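Because the structure is predicted, anything quoted here is derived from the model rather than measured.
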Amino acid sequence: MTNLHSSISAIEMAIAGKHNPQNPIHVSRQGESKLLLGERDLAKVYNSKSDDGFKVKNALGADIDITTFTEILQGVVEQKNYEIDIAKFVTVKPGQGAWQDELVKWKSFNLTDNDLSKGDLNLGKGKIQSVNVGVEAVKIPTQRWADQAEYNIFEIKTASETRQWDLVTSLETAKRKTFDLGLQKLTFLGHANRVDIEGLLNQTGVTADTNLITKPISTMTAAELNTFAGSVLGTYFTNSNSTERPNTLVMPTTDFLGLANAPSADFPIGKSRGQYLKDAFAEIIPGFQIIDSAFCSQVNNNLSKNRYVLYNNAEDNLFMPLPIPYTTALQGTSDNFNFTSISYAQYAGIALMRPASMLYMDYAD
């Protein structure tokens with residue numbers, strides 16, 4: 001079915017009503033078609049294959065047959081995409097370092113031996129030790145981005161005859177949606193072509209534990225759930241060299257939605273699994289949050305595993321620069337017939353300053 005989705009024949013079948021895929025959204029990665037969330041749809045793929053590129057009079061356009069018994073209803077139903085608020089997962093910092101090829105964040109280290117006795121003096125006499133410090137420059141690469149919408153007077157006027165559909169608005173909305181969905185994907189999976197721009201799920205240097213979670217939390221027995229709740233925070237604390245406590249757990253959406261069930265079928269009255277975990281973690285760490293992302297699921301990422309992320313969501317630990325937020329330039333035309341609207345931005349991946357402040361927990365289906 002995946003190969004079928006990747007072919008133009010599948011699109012033509014869908015248009016003809018002979019094939020109705022449950023999820024037509026897909027993207028090609030490393031030579032194969034991989035189901036993904038809200039990145040490309042059938043209309044965009046089909047338009048890219050059309051000979052004349054005409055946005056109105058094609059098989060997915062507004063040119064339809066009607067009769068005297070046809071009533072065109074008000075409004076247009078827009079495409080639905082998977083969308084989440086990335087600011088819940090990481091601090092987004094817009095406007096810093098615009099137009100630069102890279103950003104630099106300094107990390108400071110105390111190089112002095114922490115043995116207090118080395119500073120002891122005998123009756124106030126003796127050599128006094130000196131402290132020493134060092135700094136490290138962490139370079140954060142950035143990427144320039146631009147996209148455009150092209151249309152002409154014929155296309156605008158023809159689309160306006162539907163009395164419902166505004167072609168220019170649709171193109172501008174699609175352009176902005178392309179950026180938003182792309183940035184959303186990058187937040188979790190990193191850049192598709194640049195290994196130096198990483199996301200929340202593929203950070204270099206983060207420990208990946210395969211013992212804490214070996215199956216969905218929503219299917220754990222009461223004993224397994226209790227063991228997990230009692231050991232996961234301690235494992236994280238040890239991994240951070242006893243310097244950090246987590247305040248955020250990100251888990252696959254499919255597992256998160258299953259946390260409404262009771263820990264034990266024999267005693268279904270009381271707390272759900274989700275409430276049990278929240279209360280257990282919040283008792284130790286006030287304000288602890290459990291959130292979900294569909295990208296954590298094996299079927300929606302390129303990690304070949306389900307990945308849970310436990311981390312301290314503080315700006316000193318990780319942040320996401322956005323040097324130039326999404327910006328649209330003035331509409332341009334060279335002949336007053338063909339028009340172009342260009343939008344641009346500059347982005348970076350997630351900058352993880354302290355890899356030990358994050359812990360991955362993985363299992364494969």
Side-chain angles (χ1 to χ4, degrees), residues 1-2 21-23 25-26 34-39 80-90 181 184-185 187-189 199-202 206 208-236 246-313 358-365:
M1 184 60 69
T2 300
Q22 292 181 348
N23 183 1
I25 302 168
H26 68 280
K34 178 76 173 180
L35 290 178
L36 208 59
L37 308 172
E39 191 163 46
K80 187 69 174 180
N81 298 106
Y82 173 72
E83 298 181 62
I84 52 178
D85 181 7
I86 62 178
K88 290 170 51 179
F89 301 84
V90 62
L181 294 177
Q184 174 181 279
K185 172 191 168 186
T187 301
F188 292 93
L189 302 181
L200 187 68
L201 302 181
N202 61 349
V206 175
D209 183 279
T210 57
N211 298 315
L212 287 168
I213 300 177
T214 58
K215 65 180 180 180
I217 297 176
S218 58
T219 64
M220 288 182 178
T221 65
E224 290 171 336
L225 185 65
N226 187 55
T227 299
F228 170 72
S231 61
V232 63
L233 297 183
T235 301
Y236 174 94
N247 59 18
T248 303
L249 172 63
V250 182
M251 60 189 300
T253 299
T254 50
D255 195 11
F256 179 82
L257 296 177
L259 294 181
N261 62 5
S264 174
D266 298 328
F267 189 69
I269 307 301
K271 296 180 179 179
S272 66
R273 293 173 187 269
Q275 192 61 53
Y276 170 77
L277 286 177
K278 288 179 182 178
D279 291 347
F281 295 154
E283 183 175 345
I284 306 299
I285 305 168
F288 191 98
Q289 65 171 349
I290 301 176
I291 52 181
D292 66 286
S293 169
F295 291 102
C296 290
S297 298
Q298 180 174 336
V299 295
N300 294 324
N301 61 45
N302 56 353
L303 305 172
S304 300
K305 64 191 70 176
N306 299 285
R307 172 154 283 179
Y308 298 68
V309 190
L310 187 63
Y311 62 106
N312 185 289
N313 189 7
M358 181 176 288
L359 177 68
Y360 292 148
M361 295 170 285
D362 301 338
Y363 78 89
D365 291 332

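Checked against side-chain contact (heavy atoms from CB on, under 4.5 Å), Gln289 has the following partners two or more places apart in sequence or in another chain: Thr248, Ile291, Asn313. The side-chain contact (heavy atoms from CB on, under 4.5 Å) test applied to Thr221 returns Ala223, Glu224, not counting sequence neighbours. The side chain to side chain donor-acceptor pair (under 3.5 Å) test applied to Tyr276 returns Asn226, not counting sequence neighbours. When the ring pair (Phe, Tyr, Trp, His ring centres under 6.0 Å) test is applied to Phe89, the partners found at least two apart in sequence or on another chain are Phe188. Asn211 pairs by the side chain to side chain donor-acceptor pair (under 3.5 Å) definition with nothing, not counting sequence neighbours. Under the rule for a side chain to side chain donor-acceptor pair (under 3.5 Å), Asn247 has no partner lying at least two apart in sequence or in another chain. In this view, Lys88 satisfies the salt bridge (Lys or Arg N to Asp or Glu O under 4.0 Å) rule with no residue, not counting sequence neighbours.
Under the side-chain hydrogen bond (donor to acceptor under 3.5 Å, both in side chains) test applied with Arg307, the options Asn202, Asp362, Asn301 reduce to a single match, Asp362.
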Evaluation steps, side-chain contact (heavy atoms from CB on, under 4.5 Å), between Leu201 and Leu303: CA-CA 9 Å; Leu201 302 181; Leu303 305 172; 4.0 Å; yes
Show your reasoning for whether side-chain contact (heavy atoms from CB on, under 4.5 Å) applies to Phe228 and Leu277. CA-CA 9 Å; Phe228 170 72; Leu277 286 177; 4.2 Å; yes
Could you pull out all donor-acceptor pairs under 3.5 Å where a side-chain atom in residues 278-285 meets a protein atom, sequence neighbours excluded?
from   : atom 1 : to     : atom 2 : distance (Å)
Asp279 : OD1    : Gln275 : NE2    : 2.8
Asp279 : OD2    : Lys271 : NZ     : 3.0
Asp279 : OD2    : Gln275 : NE2    : 3.4

Show me the side-chain donor-acceptor pairs of residues 249-258 shorter than 3.5 Å, one per line, residues at least two apart or across chains.
from   : atom 1 : to     : atom 2 : distance (Å)
Thr253 : OG1    : Asp292 : OD2    : 2.7
Thr253 : OG1    : Ala294 : N      : 3.0
Asp255 : OD1    : Ile217 : N      : 3.3
Asp255 : OD1    : Ser218 : N      : 2.8
Asp255 : OD1    : Ser218 : OG     : 2.7
Asp255 : OD2    : Ile217 : N      : 2.8
Asp255 : OD2    : Tyr308 : OH     : 2.5

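With contacts defined as side-chain heavy-atom distances shorter than 4.5 Å, the pair Lys305/Tyr360 does not qualify. Val206 has its side chain out of reach of Tyr311: every pair of non-hydrogen atoms, C-beta onward, lies at least 4.5 Å apart.
One side chain, Asn261 or Arg273, offers a donor N or O that lies under 3.5 Å from an acceptor on the other.
In this structure, the side chain of Gln184 engages the main chain of Ile84 through a donor-acceptor pair within 3.5 Å.
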